[in-house]
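In what follows, chains carry the letters A, B, and so on, assigned in the order in which the sequence lines appear, proteins first and then strands, with residues in each chain numbered from 1. Predicted, not measured: the structure shown is a model, and the values here were computed from it.
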There are 2 protein chains.
Amino acid sequence: MKALVLPVLERPEGMTTHDYAFARLRQAIMVGAFRPGTSVTIRGLAEALESSPTPIREALRQLTSIGALDFLENRRIVVPRITPARFEELISLRIVLESHAARRAVAHLSDRQIDRIVAIDEAIEAAILDGQKAAALIANQEFHRQIYMANPDQVAMPLIESVWLQLGPILGIAMEHVTELYVVDRHREAIEALRRRDEDAVAEAIGADIREGIGGFDQQAIGKLLSLAR
Amino acid sequence: MKALVLPVLERPEGMTTHDYAFARLRQAIMVGAFRPGTSVTIRGLAEALESSPTPIREALRQLTSIGALDFLENRRIVVPRITPARFEELISLRIVLESHAARRAVAHLSDRQIDRIVAIDEAIEAAILDGQKAAALIANQEFHRQIYMANPDQVAMPLIESVWLQLGPILGIAMEHVTELYVVDRHREAIEALRRRDEDAVAEAIGADIREGIGGFDQQAIGKLLSLAR
DNA sequence: TTTCCAAAAATGTGATCACAAAATAAGAAT
DNA sequence: ATTCTTATTTTGTGATCACATTTTTGGAAA
């Protein structure tokens, strides 16, 4: 059993142990800190997070509910493996879900909010030019999230994040193999469409952005990686 | 504290207490056994299910992850209330998700599977003519599930069920107020399209089916109910 | 060296308990 | 009768323990 290293995450005062464990594990999986097939144990995580098994168990159970982990028949807890076919399904689901969420957010976005989204996009490009892959990835997620969450009655975000979580472990592999990221200019296209409040164009740009590369990672290259990583 | 009545559910041998509690509560919410705003307690459910609090807590936490329950700030556990706007978002999300899932299932459906789906549709109509609202609802979900699950690499079903769960409590109210159900013939349309393996037509039929009525319940009527039920 | 079997260790499950926070009930003051 | 305060009860949280199952280990047999 090798020592566990989880990306750090600030713990807000008053947050329960369970919520903290959930948030931290969730983030770890989302940014690809675990490889597909990795198995975790309740006691191991309890030790790593300096708590008792109880809240960890609850966090793990929640993570399975959103597809981030798998409780196998043997009672083993693992990070799910992904087949190329499943990968393709996940991407197409992202496209459908996110272009829909984007479309329904357009009418709610203020100019000020769009400015903030532009700032996030600049942060993404800065991270890419700097070669900071993990930072670019997180900023990219933030870019998308800020758009979808502008809709106050929005209900799709949790589902979208579930898909992100299922793609997370793949991103971890991609980050190891992809030497350099490229700037995705579909973001610019999306921003222009947002400014015009053009719902169709926004949906189209978001869809294309996902299709062409998941957050700076070339989609085809990842698909190829997948068939190798067995 | 009034006594809790949960729809019965068979417990397969070897199923853990936690899994059973999760499955049973989930089904109860899905078929509208709980009204929006209802609050539940860990100890109360533990007693009702004759177990200790531990597995119940895990089940409740999982249910919150999929939007079926809400842990409030005050630590109260409630069945979420739904606003008309949220309701509309959920319906439009259903349309997007399910027409996509249906489309991607078409190529995988064998004639034998389609026959089974036809049989389910007949069961729905029988239940409707018989006035068995709950049975019609469950059969209707089964109709949709059988289509989407035909795709072996499918990843959308858990998300779709999450949306169903969020709509569940509304269905409970609808069942109380709607006196009679009507047969939705969009199912026939979907079946015809399935036989022709016409993806566009299938997606269109499923979308229309959802738009016109959620499982036999008129959508507009429910929207009106919502604004009253406060 | 490989295969097989038994002992030991590790691991998930579920019950119980102490504790703190929240909700409710009860009584006093206005 | 109503409002406020205090005491009691309820409830979620997290730690701990016993148990059964699974996995791993270590050595014997082929």
d([atom1], [X]; [atom2], [N]) in whole Å:
| X | N | atom1 | atom2 | result |
| --- | --- | --- | --- | --- |
| Arg76(B) | dT10(D) | CZ | C1' | 9 Å |
| Ile42(A) | dG14(C) | CD1 | P | 11 Å |
| Ile56(B) | dG14(C) | CD1 | P | 10 Å |
| Asp19(A) | dG14(D) | CG | C1' | 13 Å |
| Arg61(A) | dG12(C) | CZ | C1' | 8 Å |
| Glu58(B) | dT13(D) | CD | P | 13 Å |
| Met15(A) | dT13(D) | CE | P | 13 Å |
| Glu47(B) | dT10(D) | CD | C1' | 13 Å |

- Item | salt bridge (Lys or Arg N to Asp or Glu O under 4.0 Å) partners of residues 38-54 of chain B, not counting sequence neighbours, each pair once | none
- Tell me, please, whether Phe71(A) has Arg76(A) positioned over its six-membered ring: NZ or CZ under 6.0 Å from the ring centre and within 45 degrees of its axis? no
For nucleotides 16-21 of chain C, list the nitrogen or oxygen atoms of the protein found under 3.5 Å from its nitrogen or oxygen atoms, one pair per line.
{"from": "dT16(C)", "atom 1": "O4", "to": "Thr54(B)", "atom 2": "OG1", "distance (Å)": "3.3"}

- Query: Under 4.0 Å between a Lys/Arg side-chain N and an Asp/Glu carboxylate O for Glu176(B) and Arg35(B)?
  - Reply: yes
- Looking at Asn74(B), does any N or O in its side chain come under 4.0 Å of the phosphate oxygens OP1/OP2 on dA23(C)? yes
Under 3.5 Å, is there a donor-acceptor pair linking the side chains of [X] and [Y]?
| X | Y | value |
| --- | --- | --- |
| Gln154(A) | Tyr148(A) | no |
| Gln113(B) | His108(B) | no |
| Glu142(A) | Gln146(A) | yes |

- Measure from the side-chain N and O atoms of Asp70(A) to the backbone N and O of Leu72(A), and report whether any donor-acceptor pair falls under 3.5 Å. no
- Message: Go nucleotide by nucleotide along DNA chain D from the 5' end; which of Ile77(B) and Ser51(A) gets its closest nucleotide reached first?
- Response: Ile77(B)
- Item | Out of dA15(C), dG12(C), dT13(D), whichever nucleotide has its closest atom nearest the side chain of Thr16(A) | dT13(D)
